[in-house]
Amino acid sequence: MTSTPKPLDFNDSVAKGLRLYDTATHSIAPFESIRPGEVGIYVCGATVQSSPHVGHIRAAVAFDVVRRWLLRLGYKVTFVRNVTDIDDKILDKARAAGQRWWERAYIYEREFTEAYDTLGVLPPTYEPRATGHIQDMVDLIQRIIDNGHGYVVLDADGKPTGNVYFDVASWPRYGELTHQESGTKPAADEAAAVADRMGPSVDAAGEDKYNPVDAADASPDKHDPRDFALWKAPKDTDPEDARWKTPFGVGRPGWHIECSAMSHRYLGDDFDIHGGGLDLRFPHHENETAQSRAAGWGFAHHWMHSAWVTQKGEKMSKSLGNGLSVPSVLAEHSAWVVRYALASVQYRSMLEWGDQTLNEAQAAYDRVSNFIERAGAAIGEQPSRDEIQSVGAGDLPEDFVNAMNDDINVAGGVGAIFSAVRAGNTLLSKLEDAADSAAARAEVRGVLVSVRAMLDTLGLDPLAAEWAAGGDGGDGKEHEALDALISEQLQARAEARKAKDYARADAIRDALAEAGVVIEDSPTGSTWSLK
């Protein structure tokens, strides 16, 4: 599992430069947290009905980068990512497969966790399951009813049926997040405009293919077509252990109420950022904000939505038949390469998935790992992970900081990384001619630390434990032990060559090659990699 970095000192001067796009206002503005030096984030996690595909994981990676930048700025970040472990699809698919619903949910929850871990996503501070917060949901629904914004459907005898709806007409602010025709500003740039056009909205007419209407929301018992289910009566096919007794009747939670209840449980009445995929903007997030504010809470102060992974311009999703499972992608590409492909574009930019994207990611890995290995060999060491993680935002290159503070402009940040790599390669080529070799090595070391710290901000330091086996995952301690053993052989080979004992030098090289170790010689020394 990827470990969360140690807290850094809060850098107020650099943090003041952070500007983020807010979906609700359609504008980029300076970010100011509710509590100085602290940020609370809630991101909608997976509905664990089946295996994850790269479209699912894109949102997790995108908000992982947002979180990592906040940590690099020195914020104390409370990061909540939920698990929806009960809904119609889970129940229906479990029944069709002859499984218990909770069994199916747990199987796929573990698959999602494995995918997150494999791709270097930091574990959340809290990861609540919906079924663990039923009482929180019941309490919230009662609060909404008491405030005059919800109603219980009664049967002919005046008894509660288990169906409870949010009364949209009672809440004039409904539509404040996604209504595009009134009360909102134009999109800040073309990426935002694309997101607005593709993101579902209360103004959109017709069926939304990415968010099919919940059967409960199509009920004729509603007072208004816009009303949505807070709690719903069970279907005849629902098992007995998927039903809960409440004052509104026996039933189970509506989809939207879950996140409102869980975000409040872990982050309180007000929190800084609510995130999720663009497809959740409507109806899920629109309904979340309506019911939470109707309950009397301040709720999220800032909304962030990650764009989709697309294939031929169409959103990647199981319902459209174009999903690529994480295991199938990882069977052909290293985890580092897949993460780079997902993380190297800004969170609001659509990401077209294909061979070109993955080939570019592989080329990026080759460039940065080559520089890091050469620089380490030139200075005789690799800076420790503790040193890399201790580099604060104020000590990173200015062009990288400016890019990341500009609404997490990862593309600009990647550009800064490769600018530093080019500068570092130039220094390496001049190292032998430097009059003061100690000063020259110190300069190379400074660039090496910067490059690795910038990569680490994106979760991509190749020498982090999750990537230490050459980008294919693995244990960092194993890599350190292997590096020590091979470095000893390289030193012996260098001494043999210096003594003109070429037979012994060649024997060492051949033995390493037989073991799958490739040696690359350069004017500044020898480096190794695995075949």
Side-chain angles (χ1 to χ4, degrees), residues 10 15 18 20 22-25 29-45 63 66-67 70 75-84 124-151 164-168 170-179 183 228-231 246-248 253-276 280-305:
F10 180 58
L18 178 60
L20 297 175
D22 187 345
T23 309
T25 64
F31 173 76
E32 185 175 348
S33 61
I34 298 169
R35 301 173 189 83
E38 299 181 17
V39 176
I41 304 177
Y42 184 92
V43 173
C44 287
F63 284 103
V66 173
R67 179 187 184 185
L70 292 169
Y75 280 105
K76 177 184 177 182
V77 180
T78 301
F79 191 93
V80 184
R81 183 185 66 219
N82 75 295
V83 175
T84 296
T125 312
Y126 306 108
E127 190 169 27
R129 296 188 183 111
T131 54
H133 296 76
I134 296 297
Q135 189 58 52
D136 291 320
M137 299 177 208
V138 171
D139 293 343
L140 172 54
I141 292 169
Q142 189 62 60
R143 186 181 180 104
I144 293 169
I145 294 171
D146 292 344
N147 286 351
H149 300 298
Y151 58 91
V164 185
Y165 290 96
F166 184 85
D167 185 0
V168 169
S170 74
W171 188 247
R173 294 169 60 183
Y174 187 77
E176 63 185 315
L177 176 61
T178 64
H179 201 292
F228 56 89
L230 300 173
W231 191 261
T246 75
F248 338 116
W255 174 30
H256 316 299
I257 202 69
E258 299 175 0
C259 287
S260 286
M262 288 185 283
S263 61
H264 185 263
R265 165 60 66 181
Y266 295 97
L267 296 172
D269 286 9
D270 295 82
F271 57 94
D272 295 290
I273 297 172
H274 195 314
L280 299 179
R281 193 174 68 164
F282 184 85
H284 186 49
H285 289 164
E286 187 70 75
N287 293 350
E288 264 193 76
T289 192
Q291 66 197 9
S292 294
R293 295 187 188 281
W297 301 337
F299 203 53
H301 286 211
H302 195 100
W303 287 90
M304 299 179 72
H305 290 91

*Asks:* What orientation do Trp303 and His305 show, parallel under 30°, tilted 30 to 60°, or perpendicular over 60°?
*Replies:* parallel
*Asks:* Got a sec, which pairs hit salt bridge (charged side-chain N to carboxylate O under 4.0 Å, His left out) with one end in residues 130-147, sequence neighbours left out?
*Replies:* Asp136-Arg265
*Asks:* Please determine whether side chain to side chain contact (heavy atoms under 4.5 Å, CB included) holds for the pair Ile141 and Thr246, giving the CA-CA distance in whole Å, both sets of side-chain angles, and the decisive distance to 0.1 Å.
*Replies:* CA-CA 10 Å; Ile141 292 169; Thr246 75; over 6 Å; no
*Asks:* What's the verdict on side chain to side chain contact (heavy atoms under 4.5 Å, CB included) for Asn82 and Thr84, showing C-alpha distance, side-chain angles and the deciding distance?
*Replies:* CA-CA 7 Å; Asn82 75 295; Thr84 296; 3.3 Å; yes
*Asks:* Taking the six-membered ring for Trp and the full ring for Phe, Tyr or His, determine whether the centres of His133 and Tyr266 are under 6.0 Å apart.
*Replies:*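 They qualify: ring centres under 6.0 Å apart.
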*Asks:* Would you please name every residue forming a side-chain hydrogen bond (donor to acceptor under 3.5 Å, both in side chains) with Gln291, sequence neighbours left out?
*Replies:*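 side-chain hydrogen bond (donor to acceptor under 3.5 Å, both in side chains) check on Gln291 returns Ser260.
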*Asks:* Report the C-alpha distance between Tyr126 and Phe79 in whole Å, list the side-chain angles of each, state the deciding distance to 0.1 Å, and finish with yes or no for ring-ring contact (aromatic ring centres under 6.0 Å, His included).
*Replies:* CA-CA 7 Å; Tyr126 306 108; Phe79 191 93; over 10 Å; no
*Asks:* For a quick test of your reading: what N or O donor-acceptor pairs under 3.5 Å do the side chains of residues 33-40 make, sequence neighbours left out?
*Replies:*
residue	atom	partner	partner atom	Å
Ser33	OG	Arg35	O	2.8
Ser33	OG	Glu38	O	3.2

*Asks:* Can you name the side-chain hydrogen bond (donor to acceptor under 3.5 Å, both in side chains) partners of His302, sequence neighbours left out?
*Replies:* none
*Asks:* Of all heavy-atom pairs between Met137 and Ile257, which one has the smallest distance, and what is that distance?
*Replies:* SD-CG2, 3.9 Å
*Asks:* Can any side-chain N or O of Glu288 pair as donor or acceptor with the backbone N or O of His256 at less than 3.5 Å?
*Replies:* no
*Asks:* Check the angle between the aromatic planes of His264 and Trp297 and answer parallel, tilted or perpendicular using the 30° and 60° thresholds.
*Replies:*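 Geometry flag for Trp297 against His264: parallel rings.
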*Asks:* Is it the case that the side chains of Asn287 and Tyr174 hold a donor-acceptor pair, with the cut-off being a distance below 3.5 Å and no angle test?
*Replies:* yes
*Asks:* Checking Asp22 side chain against Ala24 main chain: does a donor-acceptor pair fall under 3.5 Å?
*Replies:*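 Flag set: sc Asp22 to bb Ala24 pair under 3.5 Å.
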*Asks:* So how far is it from Met262 CE to Arg129 CZ, rounded to the nearest 0.5 Å?
*Replies:* 11.5 Å
*Asks:* For side chain to side chain contact (heavy atoms under 4.5 Å, CB included), just list the numbers for Leu230 and Leu140, CA-CA rounded to whole Å, side-chain angles, deciding distance to a tenth of an Å, and then say yes or no.
*Replies:* CA-CA 9 Å; Leu230 300 173; Leu140 172 54; over 6 Å; no
*Asks:* What's the separation between atom CG in Leu20 and atom CG in Leu70, rounded to the nearest 0.5 Å?
*Replies:*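 So the CG of Leu20 and the CG of Leu70 are separated by 7.5 Å.
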*Asks:* Please name all residues satisfying side-chain hydrogen bond (donor to acceptor under 3.5 Å, both in side chains) with Thr131, sequence neighbours left out, ordered by chain then number.
*Replies:*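 Partners of Thr131 by the side-chain hydrogen bond (donor to acceptor under 3.5 Å, both in side chains) criterion, ordered by chain and then number, come out as Asp85.
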*Asks:* Tell me, with the steps shown, if His284 and Cys44 meet side chain to side chain contact (heavy atoms under 4.5 Å, CB included).
*Replies:* CA-CA 10 Å; His284 186 49; Cys44 287; 3.6 Å; yes
*Asks:* Can a donor-acceptor pair be found, under 3.5 Å and without considering hydrogens, that links the side chain of His149 to the backbone of Ile145?
*Replies:* no
*Asks:* Taking the side chain as C-beta and beyond, is there a heavy-atom pair between Phe271 and Ser263 under 4.5 Å?
*Replies:* yes
*Asks:* Under 3.5 Å, is there a donor-acceptor pair between the side chain of Glu258 and the main chain of Ala130?
*Replies:* no
*Asks:* Among residues at least two apart in sequence or on other chains, which ones pass salt bridge (charged side-chain N to carboxylate O under 4.0 Å, His left out) with Arg67?
*Replies:*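 With sequence neighbours excluded, Arg67 shows a salt bridge (charged side-chain N to carboxylate O under 4.0 Å, His left out) to no residue whatsoever.
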*Asks:* Quick one: does Phe166's side chain get under 4.5 Å of Ile144's, heavy atoms only?
*Replies:* yes
*Asks:* Check whether any side-chain N or O of Arg81 sits under 3.5 Å from a backbone N or O of Tyr42 as a donor-acceptor pair, and report yes or no.
*Replies:*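 Absent.
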*Asks:* Specify whether Tyr75 and Phe31 have parallel, tilted or perpendicular ring planes, treating 30° as the upper limit for parallel and 60° as the lower limit for perpendicular.
*Replies:*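 Tyr75 and Phe31: perpendicular rings.
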